[in-house]
Amino acid sequence: MTIIQSVDELKAIYGTVAEASTIKVTPALTAEYRQMIEASPFVALATVGPEGMDCSPRGDKGGVVRVQDDRTLLLPDWRGNNRIDSLLNIVRDPRVALMFLVPGSTTTMRVNGTAVVSADLALLESFEMDGKHPRTVTVITIDEVYFQCARALIRSELWKTENFIDPASLPTPGALMKAATADFDKDTYDREWPERAAKTMW
């Protein structure tokens with residue numbers, strides 16, 4: 001196996017960066033970038049901390065983040081598994097990276113910046129959903145924002161419904177848990193999960 005061990009070796013393989021790949025990077029949201037991000041119900045949030053890295057899926061009805069201004073995004077933290085890996089990282093290392101997906105679009109949006117975790121009561125109440133509030137809101141300050149080339153989503157045919165995989169052909173959450181922990185009642189877990197999720201969505 002040939003391992004690349006230097007920046008020069010890597011650049012020799014890939015050559016120069018096309019102008020379009022650099023001029024699209026902005027330090028704040030343009031009106032068009034804001035429109036793309038506000039249309040996204042899903043984002044992958046990447047963080048880093050002393051124990052290592054984490055990439056967490058975040059989704060919400062409508063837009064996954066609220067745009068406060070052209071350099072600030074608000075990401076509510078709704079019910080989850082209470083591991084809080086992303087939040088634990090952010091309170092110790094504020095660096096974050098986000099990638100937004102818009103269903104049906106092959107253009108993704110990327111944001112790099114820093115974040116803090118807020119428990120401000122007024123802020124939490126402003127995100128009320130079905131009478132419930134997030135426990136915290138991640139406040140993201142944008143350092144740079146840009147759109148990603150569509151080739152990855154075009155190659156993957158991600159949004160083609162005819163390529164959707166039948167969930168019944170894949171391991172269930174209970175089966176995945178049992179594979180990791182042999183002494184686990186997967187059938188009960190799978191049977192109870194839909195109702196539990198419906199009751200704890202917010």
Side-chain angles (χ1 to χ4, degrees), residues 39-66 73-105 108-111 115-121 123-140 152-153 155-202:
S40 173
F42 177 90
V43 66
L45 170 66
T47 60
V48 62
E51 293 82 23
M53 297 173 290
D54 182 70
C55 187
S56 175
R58 301 298 176 98
D60 211 342
K61 190 175 182 179
V64 67
V65 298
R66 178 189 298 168
L73 305 177
L74 304 177
L75 176 61
D77 190 60
W78 293 109
R79 292 291 294 270
N81 56 20
N82 286 338
R83 285 181 55 111
I84 60 170
D85 295 313
S86 299
L87 304 182
L88 288 170
N89 282 346
I90 289 170
V91 298
R92 296 174 294 173
D93 187 326
R95 293 176 295 169
V96 294
L98 303 94
M99 185 172 72
F100 295 87
L101 296 181
V102 179
S105 172
T108 61
M109 292 299 303
R110 296 180 63 175
V111 169
V116 295
V117 179
S118 173
D120 179 80
L121 184 58
L123 181 59
L124 302 182
E125 290 178 343
S126 74
F127 281 95
E128 181 173 325
M129 183 71 71
D130 292 344
K132 299 177 181 177
H133 311 125
R135 283 177 284 185
T136 60
V137 172
T138 299
V139 182
I140 298 151
L153 268 68
R155 282 193 295 260
S156 69
E157 299 184 334
L158 184 65
W159 306 124
K160 285 194 174 183
T161 56
E162 60 267 34
N163 292 337
F164 284 10
I165 296 171
D166 181 1
S169 69
L170 299 172
T172 65
L176 294 170
M177 295 280 283
K178 187 170 179 60
T181 306
D183 186 19
F184 185 80
D185 184 354
K186 68 181 184 67
D187 295 327
T188 299
Y189 185 88
D190 286 334
R191 184 174 61 254
E192 295 178 349
W193 163 245
E195 183 178 359
R196 184 168 65 252
K199 290 181 178 179
T200 59
M201 191 61 61
W202 313 109

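FYI, side chains are in, hydrogens and waters are out, and symmetry mates aren't considered; it's all heavy atoms of this structure. All values reported here derive from a predicted model rather than from experimental measurement. Throughout, residue positions are numbered sequentially from 1 according to the sequence presented.
- More than 12 heavy atoms of other residues, nucleotides or ligands sit less than 6.0 Å from atom CD of E125.
- For D166, the CG atom sits in a packed shell: over 12 heavy atoms of surrounding residues, nucleotides or ligands are nearer than 6.0 Å.
- Shortest non-hydrogen contact noted between I90 and A115 is CG2-O, 3.4 Å.
- N82 places a side-chain heavy atom less than 4.5 Å from the side chain of R135.
- Within 6.0 Å of CZ in R66 there are more than 12 heavy atoms belonging to other residues, nucleotides or ligands.
- When all heavy atoms of L101 and W159 are compared, the closest pair comes out as CB-CZ2, 4.4 Å.
- G49 and N89 get closest at one heavy-atom pair: CA-OD1, 3.3 Å.
- Residues A175 and P171 approach most closely at CB-CB, 4.2 Å, considering heavy atoms.
- When all heavy atoms of D93 and R95 are compared, the closest pair comes out as OD2-NH2, 2.8 Å.
- Counting heavy atoms from C-beta outward, S40 and M109 have side chains that stay 4.5 Å or more apart.
- Here the shortest heavy-atom pairing between G174 and K186 reads O-CB, 3.2 Å.
- No side-chain heavy atom of K199 sits under 4.5 Å from any side-chain heavy atom of R79.
- Atom CG of L98 sits about 12.0 Å away from atom OG1 of T108, to the nearest 0.5 Å.
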Scan the side chains in residues 57-64 for donor-acceptor partners under 3.5 Å anywhere in the protein, sequence neighbours excluded, and list what turns up.
{"from": "R58", "atom 1": "NE", "to": "S56", "atom 2": "OG", "distance (Å)": "3.1"}
{"from": "R58", "atom 1": "NH1", "to": "D77", "atom 2": "OD1", "distance (Å)": "2.9"}
{"from": "D60", "atom 1": "OD2", "to": "W78", "atom 2": "NE1", "distance (Å)": "2.9"}

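- Atoms NE2 and CD, on H133 and E128 in that order, are 4.0 Å from each other to the nearest 0.5 Å.
- The structure places CG of D187 at 11.0 Å from CD of E192, a figure rounded to the nearest 0.5 Å.
- Between Y189 and T172, the closest side-chain pair of non-hydrogen atoms is not below 4.5 Å.
- Contact annotation: the side chain of V96 approaches that of L45 to within less than 4.5 Å [non-hydrogen atoms, C-beta and beyond].
- A salt bridge links D85 with R83: the distance from a Lys NZ or Arg NE/NH1/NH2 to an Asp or Glu carboxylate oxygen falls below 4.0 Å.
- The shortest distance between side-chain heavy atoms of F127 and L74 falls below 4.5 Å.
- Residues V137 and L124 meet the side-chain proximity criterion, which asks for heavy atoms closer than 4.5 Å.
- Using a 4.5 Å heavy-atom cutoff, the side chains of P76 and M129 are not in contact.
- Atom-to-atom distance recorded for D54:CG and T47:OG1 is 4.5 Å, nearest 0.5 angstrom.
- Atom CG of L170 has more than 12 heavy atoms from other residues, nucleotides or ligands within 6.0 Å.
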I would like to know whether K178 and D190 meet side-chain contact (heavy atoms from CB on, under 4.5 Å); could you show each step before the answer? CA-CA 11 Å; K178 187 170 179 60; D190 286 334; over 6 Å; no
